[in-house]
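What follows is a single structure, written as structure tokens, with notes after it.
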Amino acid sequence: MPEIPEMEVYKRQLSQTIMHKKIVEVIVNREKAINIPTAEFKELVNEQLIVFVSRRGKHIIITLGNGYYLVGHLMLGGRIYLAQPGEKLKTSGSVIFTFRDESKLFFINLRLGWLHLYTETEMDRAFAGLGPEPLGPFFTEELLSTKLAQKRGAIKPLLTDQEFIAGIGNCYSDEILFEAKIKPDRKAKELNSDEVKRLFFAIPSVLKEAINNGGYMEKPFSLGDNWTGGHNEHLQVYDREGQPCYRCSGLVQLITLSGKKSYYCPSCQK
DNA sequence: AGGGCAACCCGGACGC
DNA sequence: TGCGTCCGGGTTGCCC
């Protein structure tokens, strides 16, 4: 379930590999994944140049030469793969773009995930409800503190609320709370200023470390890529139920909060 | 407001 | 090896 670090790793690799390439073929194997009729989608995407690659929350954004935007959300299990010219893949892919140099960009396993073609207005509308980018300049301690004070619920589910902060999901919310030494069921508005400060610093610090390590994905982005997925063995609490905490040797516990799995160390998170 | 829940979807895990 | 069953995960929408 890609979150900011995984999408950022994709974004950086896409920026280095597909920029200024021209799309010469579009294959849509899964029509449900796109937002307009396939013929229209192909008409608007084929023959276009890739002019920019960016990210908003968990969305990847590919800007085309004609001013349209390909906006993708991988949801669960979705992934992106860049195949070298002539490289054969076992999976068919939900949507595939072939470039003039015969490399191919695969969007794979878009089951709940999607790849939409938007005008700028449509994209703005799609992103209108998203909270601040936690790695962006507008995410300040004061903003976080103010927003926390307005919320009655527990901090863990709040961190995964895309309207509260964009791009954090189930895994990194647990990792962030571990780093900040805050228990996931603590009420957001009851965090003291020291805890808010720790949370504020833990958010970018955990996300940036995960990005540097390549995120926690299982599959590479392309042949020879040994960056993607490097964070897997660095996770502190996520999916480590019953295993010793790396910080204090307490046992990592799993609880459910608002229907969300929440891993934490009961002895060093307060 | 926020918690609960169903729907979406199917790969992968598990049972036999 | 195979076939059936079930679960998970982010998001949306609807209910209370």
Side-chain angles (χ1 to χ4, degrees), chain A residues 1-11 28-35 55-61 71-81 89-96 106-116 118 122-123 125-134 144 146-177 183-191 207 210 215-220 229 231-232 235 237-242 254-264:
Chain A
M1 325 87 243
E3 303 174 28
I4 279 181
E6 290 70 39
M7 296 316 291
E8 184 66 23
V9 169
Y10 276 138
K11 187 206 88 179
V28 178
N29 289 323
R30 186 179 170 74
E31 299 200 33
K32 279 185 176 180
I34 61 175
N35 59 325
R55 178 190 63 74
R56 176 78 170 96
K58 303 175 186 174
H59 306 262
I60 191 84
I61 306 168
V71 177
H73 192 308
L74 300 178
M75 298 286 268
L76 352 143
R79 63 188 179 96
I80 302 175
Y81 188 82
L89 259 74
K90 285 177 188 157
T91 114
S92 61
S94 306
V95 183
I96 304 144
F106 284 73
F107 283 80
I108 300 166
N109 267 342
L110 297 181
R111 328 200 293 248
L112 296 181
W114 43 264
L115 183 64
H116 289 181
Y118 288 144
E122 289 166 340
M123 183 170 72
R125 201 176 305 142
F127 293 158
L130 286 181
E133 283 292 322
L144 178 64
T146 306
K147 285 175 73 103
L148 286 170
Q150 295 163 351
K151 294 292 183 176
R152 287 186 288 181
I155 184 64
K156 150 78 185 189
L158 185 57
L159 286 179
T160 69
D161 180 349
Q162 301 304 293
E163 216 168 304
F164 188 74
I165 302 175
I168 296 173
N170 219 30
C171 170
Y172 291 105
S173 55
D174 285 353
E175 295 296 302
I176 286 163
L177 289 172
K183 276 180 79 170
D185 61 353
R186 290 283 305 283
K187 299 290 177 215
K189 60 159 50 176
E190 291 171 7
L191 297 178
L207 296 176
Y216 75 107
M217 283 170 294
E218 293 176 10
K219 311 252 184 173
H231 194 60
N232 295 356
L235 293 175
V237 286
Y238 183 73
D239 210 13
R240 295 195 63 243
E241 184 186 11
L254 171 62
I255 56 170
T256 301
L257 287 171
S258 303
K260 290 174 186 298
K261 276 188 173 179
S262 191
Y263 297 89
Y264 72 107

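So that the names make sense, note that chain A is the first sequence line, chain B the second, and so on, each numbered from 1. Values below: every heavy atom of this structure, side chains too, minus hydrogens, waters and symmetry copies.
Using a 4.0 Å cut-off between a side-chain N of Lys or Arg and a carboxylate O of Asp or Glu, Glu8(A) and Lys11(A) qualify as a salt bridge. Salt bridge Lys156(A)/Asp174(A): present, at least one basic N to carboxylate O contact under 4.0 Å.
Between the two ends of the helix from dG2(B)-dC16(C) to dC16(B)-dG2(C), each summarised by a five-pair axis, the helix axis turns through 40° (rounded to 10 degrees).
A perpendicular orientation is assigned to the rings of Phe106(A) and Tyr81(A), their planes being inclined by more than 60° (bins at 30° and 60°). Ring geometry for Trp114(A) against His73(A) counts as tilted: the plane angle lies between 30° and 60°, on a 0 to 90° scale.
Distance CD (Glu163(A)) to C1' (dT12(C)): 12 Å, rounded to an integer number of Å. Distance, Leu112(A) CG to dG11(B) P: 11 Å, rounded to whole Å. Distance CE (Met217(A)) to P (dG9(C)): 17 Å, rounded to an integer number of Å. Put simply, CH2 on Trp114(A) is 10 Å from P on dT11(C), counting in whole angstrom units. For Ile34(A) and dC9(B), the CD1 to C1' distance is 17 Å, given to the nearest whole Å. Regarding Lys187(A), its NZ atom lies at a distance of 10 Å from the P atom of dG2(B), rounded to whole Å. Across the protein-nucleic acid pair, Asn170(A) atom CG and dT11(C) atom P stand 10 Å apart, rounded to whole Å. At whole-Å resolution of the value, CG in Leu76(A) and C1' in dA13(B) are 16 Å apart.
Gly77(A) and Asn109(A) get closest at one heavy-atom pair: O-CB, 3.4 Å. A pairwise comparison of heavy atoms in Ala188(A) and Leu158(A) identifies CB-CD2, 3.6 Å as the closest pair. Across all their heavy atoms, Pro134(A) and Ile4(A) have their closest contact at CG-CD1, 3.4 Å. Residue Ser173(A) comes nearest to Gly169(A) through the heavy atom pair OG-O, 2.9 Å, listed as atom of the first residue, atom of the second, then distance.
Taking for each of Arg111(A) and Lys58(A) the nucleotide of DNA chain C with the nearest heavy atom, the 5'-most of the two is the partner of Arg111(A). Residues Lys219(A) and Met75(A) both approach DNA chain B. Their nearest nucleotides, taken by heavy-atom distance, put Met75(A) toward the 5′ side.
For the segment residues 146-161 of chain A, residues with any heavy atom less than 4.0 angstrom from an atom of DNA chain B are, sorted by number, Lys151(A), Arg152(A), Gly153(A), Ala154(A).
Counting non-hydrogen atoms under 4.0 angstrom, Arg79(A) reaches nothing in the nucleic acid.
For His73(A), a side-chain nitrogen or oxygen approaches OP1 or OP2 of dT11(C) to under 4.0 Å.
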Quiz item: Does the side chain to side chain contact (heavy atoms under 4.5 Å, CB included) test come out yes or no for Leu74(A) and Leu110(A), once each step is laid out?
Solution: CA-CA 6 Å; Leu74(A) 300 178; Leu110(A) 297 181; 3.9 Å; yes

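Minimum atom distance to the side chain of Asn109(A) is reached by dG11(B), of the listed dG11(B), dG9(C), dC9(B).
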